[in-house]
Amino acid sequence: MLQTPYYLIDRAALLRNMAVIDRLQALSGAKALLALKCFATWPVFDTLKPHMAGTTSSSLYELRLGREEFGGETHAYSVAWSDHEIDAAVGHADKIIFNSIGQLARFEGRAQGIARGLRLNPRFSTSGFDLADPARPFSRLGEWDAAKIGQVIDRISGFMIHYNCENGDFALFDAQLSRIEAEFGALLERVQWVSLGGGIHFTGAGYPVEALAARLKAFADRFGVQVYLEPGEAAITNAATLEVTVLDVLDNGKKLAIVDSSIEAHMLDLLIYRQPAKIAPNEGEYPFMICGKSCLAGDIFGEFRFPAPLQVGDRLSILDAAGYTMVKKNWFNGVQMPAIAIREIDGSITVARQFGYQDYRSSLG
Ligand SMILES: *Cc1c(COP(=O)(O)O)cnc(C)c1O
């Protein structure tokens, strides 16, 4: 038996998302690239590769991982490239997307062998959370002045526009894409490819995939462009759990259960966005607050209901643990880092990676 804590990635669940991606690509002509910033657990890339055109990245290391472990089309984006990174980046990439006209001007000479693009910031987004809103005031994420962009349009072949954030509302997507068409159409007509970024929650239950596909196809036809999508979360949603064990139960006015994991260290994104973790079925007579074992006072996964009182040794599965978890895990408090395990198609479980004291030590010196 594998010791908890561990992330458990389910290949069959990945394939359910891939079936939607297959359908979306076939109907729309768009190409889907995995956004590695969300999920980069390469031991399961073999399950994703046949269904996605390649990867996109936010740094040299993500870019290199995409090239080496995923293959296919490899898009390179970074908020800012360093002088000492650019040659390596160009060496790994098929397309490089500059965040600013300044970076384009600085590095285009060294990127002549590959396609060059620019990040376009439409100055609106679907994000209601300032921290993650690419269109927040004074945003550094992309160029927005159509006149300025027009002056360099001959030096690029495409745009990346990332402005959706877990957007499950097709009507909103449709309306915002229409705004992009209206405000930037003259620029879009002059390029060959447009990436619409990530954040479209098209693998969610009930999402109108056919309508999205038709909308993307209409956009591609109107401007004569190859459309790319960069799903992170949508590609891997609901495809992993975080498996933990109850270590202690307390009653401090509320029933508390402390588990052998930490939201700060192992599901940091939830803490940052102040969202509770998910546990199912979350029904029963006995409410418990599920707490992490770091010494951070607010290291709390959430409050859930159980059919019986929790006891030391009980196992819990925290759901939807693939996106923005493993890529953000850290050694805070020296808490045991979860292993990474895979539920294979035949139901057997293989262990991709276990972490120990030497990994903790070597992360610091
Ligand atoms: C974060 C990000 C993505 C992936 O976003 P998801 O919400 O995980 O789909 C794609 N492209 C860019 C440029 C991003 O910054």
Side-chain angles (χ1 to χ4, degrees), residues 14 17-18 20-21 24-25 30-41 48 52-63 65-66 70 73-81 89 93 95-100 103 117-122 125-136 139-144 158-170 172-173 176 180 193-204 207 209 212 216 227-240 267-270 272-273 275 320-328:
L14 288 173
N17 293 335
M18 292 303 112
V20 179
I21 289 186
L24 180 61
Q25 291 181 125
K31 295 183 182 181
L33 305 173
L34 179 66
L36 295 178
K37 104 174 180 239
C38 171
F39 182 83
T41 309
L48 309 180
M52 301 187 77
T55 57
T56 190
S57 52
S58 24
S59 66
L60 178 58
Y61 288 171
E62 282 187 1
L63 168 62
L65 188 77
F70 204 107
E73 291 189 49
T74 308
H75 285 203
Y77 166 74
S78 172
V79 169
W81 299 103
K95 290 188 177 68
I96 189 161
I97 296 143
F98 294 107
N99 184 64
S100 69
Q103 284 254 308
L118 192 62
R119 178 164 184 171
L120 173 63
N121 187 332
S125 81
T126 70
S127 174
F129 204 95
D130 195 46
L131 180 67
D133 182 0
R136 63 190 265 146
S139 174
R140 71 192 184 299
L141 301 173
E143 296 282 356
W144 51 266
F159 288 112
M160 185 269 275
I161 319 173
H162 172 70
Y163 60 104
N164 285 280
C165 183
E166 294 207 34
N167 179 14
D169 179 349
F170 171 70
L172 178 60
F173 172 80
Q176 290 198 334
I180 288 175
W193 53 272
V194 175
S195 173
L196 294 172
I200 310 169
H201 210 54
F202 59 80
T203 48
Y207 193 93
V209 176
L212 175 64
L216 295 174
V227 170
Y228 290 90
L229 298 175
E230 304 178 356
E233 191 62 52
I236 50 71
T237 194
N238 283 316
M267 297 192 88
L268 180 59
D269 220 48
L270 294 179
I272 291 175
Y273 294 104
Q275 291 170 344
D320 204 10
Y324 300 99
T325 56
M326 287 166 263
V327 290
K328 286 195 166 191

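Counting convention: from 1, in listed order, for ligands and their atoms alike. Residue numbers run from 1 in the order of the sequence given. Please read these numbers as outputs of a predicted model, since none were measured by experiment.
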N17 side chain to T203 backbone, donor-acceptor under 3.5 Å: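 No, the answer is negative, given that no donor and acceptor are paired below the 3.5 Å cut-off.
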Main-chain N/O of N238 paired with D320 side-chain donor or acceptor, under 3.5 Å: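 It does hold such a pair.
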Side chain to side chain donor-acceptor pair (under 3.5 Å) against E233, all qualifying residues, sequence neighbours excluded: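 In terms of side chain to side chain donor-acceptor pair (under 3.5 Å), with neighbours along the sequence ignored, E233 is linked to no residue.
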Salt bridge (Lys or Arg N to Asp or Glu O under 4.0 Å) contacts touching residues 125-135 (sequence neighbours left out):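 Checked against salt bridge (Lys or Arg N to Asp or Glu O under 4.0 Å) - neighbours excluded - the pairs reaching residues 125-135 are D130-R136.
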Side chain to side chain donor-acceptor pair (under 3.5 Å) between E230 and Y77, worked out: CA-CA 12 Å; E230 304 178 356; Y77 166 74; over 6 Å; no
For K37, salt bridge (charged side-chain N to carboxylate O under 4.0 Å, His left out) partners two or more places apart: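 Salt bridge (charged side-chain N to carboxylate O under 4.0 Å, His left out) list for K37, sorted by chain: empty.
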Every residue of the protein that comes under 4.0 Å of ligand 1, judged on heavy atoms: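 For ligand 1, the contacting residues are A35, K37, C38, M160, H162, G198, G199, E230, P231, G232, E233, Y324.
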